[in-house]
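Worth knowing before you read on, the calculation uses all heavy atoms, side chains too, and leaves out hydrogens, waters and symmetry mates. A, B, ... follow the sequence lines: proteins, then strands. Residue 1 opens every chain.
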Amino acid sequence: MKLKQTINQSIQAAFDKANIDETPMSVSEATKPEFGDYQFNGAMALSKKLEKNPREIAAQLIENIDLSGIISKAEIAGPGFINLWLNPLWIASQCETAVVDTRLNIGTREKPVKVVVDYSGPNMAKQMHVGHLRSTIIGDTLANLLEFLGDEVIRQNHIGDWGTQFGMLIAYLEEIGEDGSGSLKDLEQFYKDAKGHFDADASFADKAREYVVKIQSGDTHCLQLWQKFIDISLGHCEEVYDKLGVKLTREDVRAESFYNDELENVIKDLDKTGVLQESDGAQCVFLEGDEVPVIVQKGDGGYLYATTDLAALRYRAQVLGAKRISYVVDARQGGHFKQVFKVAKEAGFVPEDVKLEHIAFGTMMDKSGKPFKTRDGGTVKLIDLLDEAVLKAKDAIKDKEDYTEAEIHDLAKVIGIGAVKYADLAINRESNYIFNWDKMLSFDGNTSLYMQYAYARIQSIFRRFDGELKGNIIIGDALEHRLAIMLLRFEDILDRAATDASPNQITSYLYDLATLFMRFYEQNPILKEGVDEASKMSRLQLADLTAKTIKQGLAILGIQVVNKL
RNA sequence: GUUCCUAUCGCUUAACUGGAUAAAGCAGUGCCCUCCUAAGGCGUAGCUAGAGGUUCGAGUCCUCUUAGGAAUACCA
């Protein structure tokens with residue numbers, strides 16, 4: 001239910017009736033319960049334009065607000081605020097509609113947008129490390145979210161599978177002469193071994209360099225080895241995706257190498273549009289206002305990542321037909337994307353009406369605020385981090401209840417992985433993220449565990465109830481009123497989170513919802529003695545809708561729930 | 001040097017995009033289990049980096065200052 005839009009329509013109707021020929025600004029949620037449910041602040045904004053004092057305008061509007069439908073009360077306050085109270089009967093009926101609907105009465109886009117979400121993008125020469133975590137988690141959430149809202153989402157995993165280091169790696173793979181699966185278990189080690197060999201043995205180094213040229217010129221044997229290497233490395237990534245519950249598959253992979261054949265054309269076409277300039281032997285595009293050019297071809301004829309990105313942008317806009325292209329990449333590459341986007345538009349690779357956005361996120365830090373590293377300074381492998389999360393989760397729950405081994409095993413996975421994801425998604429994505437095990441696995445505060453607990457607690461109500469849900473939702477007291485409105489806000493929250501690509505708006509909302517429910521539940525007994533049947537049924541339905549909303553919200557974040565915790 | 005980003009309570013974050021007395025959690029600190037999961041709830045204390053400006057109204061917009069961070073020509 002698009003709650004805000006619905007209220008806005010009522011305000012617009014009041015404008016029309018009052019013969020004010022303006023488009024009102026949107027209502028917003030009231031800042032305090034005393035100020036009603038929603039407030040309209042537009043009277044003050046119009047004061048100058050209409051040459052009237054704001055309270056006068058507000059009074060005029062209030063006379064024309066329909067109080068028989070969704071709004072039950074409207075009051076002027078302060079300099080010209082209009083406080084609005086929603087009709088409890090209407091709220092109740094909307095909740096009743098939502099609770100029996102599989103989509104919780106959330107609409108799908110009238111005009112679905114074809115959107116490419118580019119995320120994860122691991123380098124095939126190395127094991128996935130913590131640096132890939134944020135992109136993978138945030139990107140997957142964004143894709144889930146847009147998908148749920150009805151957009152046509154195309155996931156793209158722009159893996160790094162090309163470049164000089166691969167010559168060395170496949171030369172080494174051939175040298176040790178295995179099928180690869182053994183030594184490649186630990187890519188990090190394999191890379192180190194290859195590098196050691198490369199540095200120590202001049203003839204091997206020559207061979208490695210030779211292999212680079214060979215792959216690039218399409219030598220079948222070398223390409224086969226390369227393909228094998230990529231397959232195994234990608235397999236490692238898929239193991240991580242699987243553990244994380246991220247939906248990326250092989251079909252989503254459009255590797256760097258995928259664009260190889262296009263790179264030459266990119267340069268040619270840039271030249272045709274006249275933006276290309278030579279500088280110090282390199283082919284560059286100089287953008288207005290930028291000191292440093294975008295280099296698209298090196299002095300030696302080689303291409304750069306800007307070239308690949310341009311090819312990818314063109315492919316996504318023209319072949320895939322995307323209208324929105326979102327790159328979920330570290331904030332430090334902001335400058336690069338700004339430039340590449342500009343070049344792509346200027347050169348006509350991407351039509352003007354296509355929205356290009358860099359979904360930037362901050363760096364992952366350790367507890368002391370330094371970049372996240374292992375004790376000896378190495379990068380933390382993602383797979384190890386996830387395994388540790390599950391172990392820690394196991395530790396956290398093992399004393400709480402009597403669980404069987406199997407139950408602990410399953411619970412720990414859901415809790416541990418959920419904790420890692422939720423903690424990442426719950427903060428403003430643009431700020432640096434301080435990784436803290438104790439915090440993310442805490443039962444208190446805005447954590448996945450609290451959300452999962454809230455959900456499980458509601459499920460436990462239904463285990464005790466064991467009957468048939470019937471009857472109406474009755475908004476009895478202030479907490480029921482607030483809870484019901486909170487539930488109806490879900491779609492507004494999702495819409496905004498989608499526009500801003502900010503998952504933390506979803507986590508904040510879910511947390512507020514869960515907290516509000518706990519308060520409601522504390523004050524309004526459901527299954528206790530003495531609760532009349534009508535209240536019981538009403539409260540059960542609100543509980544049900546709360547649980548369903550939490551479940552759906554977490555599902556978008558890629559986090560599972562459990563029935564019992 | 002230049003450009004960009006950030007600055008909200010001891011810590012991590014909100015503030016519906018310019019609206020009323022800035023809101024949560026953690027960490028403090030009280031209180032509530034004969035009571036539907038105390039893995040919960042209720043209290044309590046504490047904040048917009050500084051100076052100007054725009055506006056009826058500024059954490060939010062503009063200018064300067066300060067402090068952090070990042071990017072900065074052939075790596076991705």
Problem set entry | Under 3.5 Å donor-acceptor pair, Asn83(A) side-chain atoms to A20(B) base atoms | yes

Exercise. Taking atom types as they are modelled, is there a donor-acceptor pair under 3.5 Å from the base of A76(B) to the side chain of Thr308(A)?
Worked result: no

Exercise. Is U6(B) in the syn or the anti form, by the rule that syn lies within 90° of 0?
Worked result: anti

For this session: Using a cut-off of strictly less than 4.0 Å, decide whether Lys32(A) has a side-chain nitrogen or oxygen near OP1 or OP2 of A20(B).
Result: no

Exercise. Phe81(A) on top of A20(B)'s base, within under 5.5 Å and under 30°?
Worked result: yes

For this session: Would you tell me whether Asn446(A) and Tyr422(A) have side-chain atoms, one donor and one acceptor, within less than 3.5 Å of each other?
Result: yes

Problem set entry | Whether Tyr453(A) stacks on the six-membered ring of G40(B) base, 5.5 Å and 30° limits | no

Exercise. Of the candidate nucleotides G41(B), C56(B), A20(B), which contains the atom at the shortest distance from the side chain of Arg519(A)?
Worked result: G41(B)

Exercise. Taking His409(A) for the side chain and Lys394(A) for the main chain, is one N or O donor matched with an acceptor at less than 3.5 Å?
Worked result: no

Problem set entry | Comparing Glu291(A) and Gly445(A) on RNA chain B - which has the more 5′ nearest nucleotide | Glu291(A)

Exercise. What's the CZ-P distance between Arg457(A) and A39(B), to the nearest Å?
Worked result: 10 Å

Exercise. Side chain of Tyr403(A), base of A39(B): donor and acceptor closer than 3.5 Å?
Worked result: yes

For this session: Please determine if Lys564(A) and Glu407(A) form a salt bridge, counting it only when a charged side-chain N lies under 4.0 Å from a carboxylate O.
Result: no

Problem set entry | Length of the CE-P vector between Met365(A) and U12(B), whole Å | 11 Å

Exercise. When syn is taken as a glycosidic angle within 90 degrees of 0, is C42(B) syn or anti?
Worked result: anti

For this session: Answer with yes or no whether the side chains of Tyr521(A) and Arg457(A) bring together a donor and an acceptor at under 3.5 Å.
Result: no

